[in-house]
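Right, one structure below, let's go through it.
No experiment lies behind these values; they were computed from the predicted model shown. Numbers here are sequence positions counted from 1.
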Amino acid sequence: MDNKRPSLDQYFMKMAKLASERSTCLRRSTGAVVVKEKHILSTGYNGPPKGMRHCKDVGCLREKLKVPSGERHELCRGLHAEENAIIQAAFFGVPIKDATIYCTLHPCSVCAKMIINAGIKEIVYEEGYPDKLSKEILKESGIKVRQFMAND
């Protein structure tokens, strides 16, 4: 019996993907997991604020207006997975300074700014995202950013 143990990167990215399964976004499901010293501190997935109706129930303004991916984030009623993971940690008083965030998607520029101010030191993402400003902001910040490869 060959029970290959997943690496920590594989394990935490699987957890981010699992979180993404809770998403109610009509365009894309994303997940994020904040980790420090090999322990999960918080998780998040994209969706509306607590108690609000889900996009699957009320529709998507960005979809209706045919807004391209990576643009006009303010039109979305939902929060991104990274935002929700950071907010969840704050809500429960869990410090995330010097943590790593695993994301199913490269963070947008709004999430990148939140990640910087939260003191997160590393981003591990699986899929790219068309947001040039995000890449510029993160490069300037000095945060380590690396793409997860399934074979890692």
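- Taking the ring axis of Y11 as reference, the NZ or CZ atom of K38 does not stay both within 45° of it and closer than 6.0 Å to the ring centre.
- Among all heavy-atom pairs drawn from A112 and P107, the shortest one is N-CB, 4.2 Å.
- In terms of heavy-atom proximity, T104 sits nearest to S29 at OG1-O, 4.3 Å.
- The closest side-chain heavy-atom distance from I115 to E82 is below 4.5 Å.
- A distance of 9.0 Å separates CZ of R28 from CG of N46, quoted to the nearest 0.5 Å.
- Within 6.0 Å of atom CZ in R27, more than 12 heavy atoms from other residues, nucleotides or ligands are found, so the atom counts as buried in its surroundings.
- The two residues A19 and G44 have their closest heavy-atom pair at CB-O, 3.7 Å.
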Under 3.5 Å, sequence neighbours excluded: what are the donor-acceptor pairs made by side chains of residues 118-131?
from : atom 1 : to   : atom 2 : distance (Å)
E122 : OE1    : T100 : OG1    : 3.3
E122 : OE2    : R146 : NE     : 2.5
E122 : OE2    : R146 : NH2    : 3.4
E126 : OE1    : K17  : NZ     : 3.3
E126 : OE2    : K17  : NZ     : 3.1
Y129 : OH     : G70  : N      : 3.2
D131 : OD1    : L133 : N      : 3.3
D131 : OD1    : S134 : N      : 3.1
D131 : OD2    : S109 : N      : 2.8
D131 : OD2    : S109 : OG     : 3.3

K50 vs F91, side-chain contact (heavy atoms from CB on, under 4.5 Å): CA-CA, chis, key distance, verdict: CA-CA 12 Å; K50 291 179 184 179; F91 187 85; 3.7 Å; yes
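- Within the 4.5 Å cutoff, the side chain of M15 has heavy atoms near those of the V33 side chain.
- For the residue pair S23 and K56, the shortest heavy atom distance occurs at O-NZ, 4.0 Å.
- For the atom pair SG of C55 and CG of L26, the computed distance is 6.0 Å after rounding to the nearest 0.5 Å.
- Of all non-hydrogen atoms in R53 and P48, the two that sit nearest each other are O-CG, 3.4 Å.
- In the hydrophobic clustering of ILVMFWY residues, with side-chain heavy atoms under 4.5 Å counting as a link, V94 and I40 come out apart.
- A single hydrophobic cluster is not seen to contain both I96 and Y102; linkage of ILVMFWY side chains at heavy-atom distances under 4.5 Å, directly or through other members, places them apart.
- Both M114 and V34 are part of a single hydrophobic cluster, where members link through side-chain heavy atoms under 4.5 Å apart.
- Two residues are said to be in side-chain contact when any heavy atoms from C-beta on lie closer than 4.5 Å; R77 and V58 meet this criterion.
- Each of M149 and I101 belongs to its own hydrophobic cluster when Ile, Leu, Val, Met, Phe, Trp and Tyr are linked at side-chain heavy-atom distances under 4.5 angstrom.
- Note: H80 NE2 to C111 SG = 5.5 Å, rounded to the nearest 0.5 Å.
- Taking CD of E83 as the start and OH of Y45 as the end, the distance is 14.0 Å to the nearest 0.5 Å.
- L61 belongs to a hydrophobic cluster whose remaining members, ordered by chain and number, are L65, V67, L75; membership requires side-chain heavy atoms of ILVMFWY residues under 4.5 Å apart, directly or through intermediates.
- A distance of 11.0 Å separates NZ in K135 from CD1 in I137, rounded to the nearest 0.5 Å.
- The minimum heavy-atom distance linking S42 with A85 is given by the pair OG-O, 2.8 Å.
- Taken to the nearest 0.5 Å, the NZ atom of K97 stands 13.0 Å off from the CG atom of N117.
- Put simply, the side chain of I87 reaches to within 4.5 Å of the side chain of L79, judged on heavy atoms.
- A heavy-atom distance below 4.5 Å is found between the side chains of V145 and H106.
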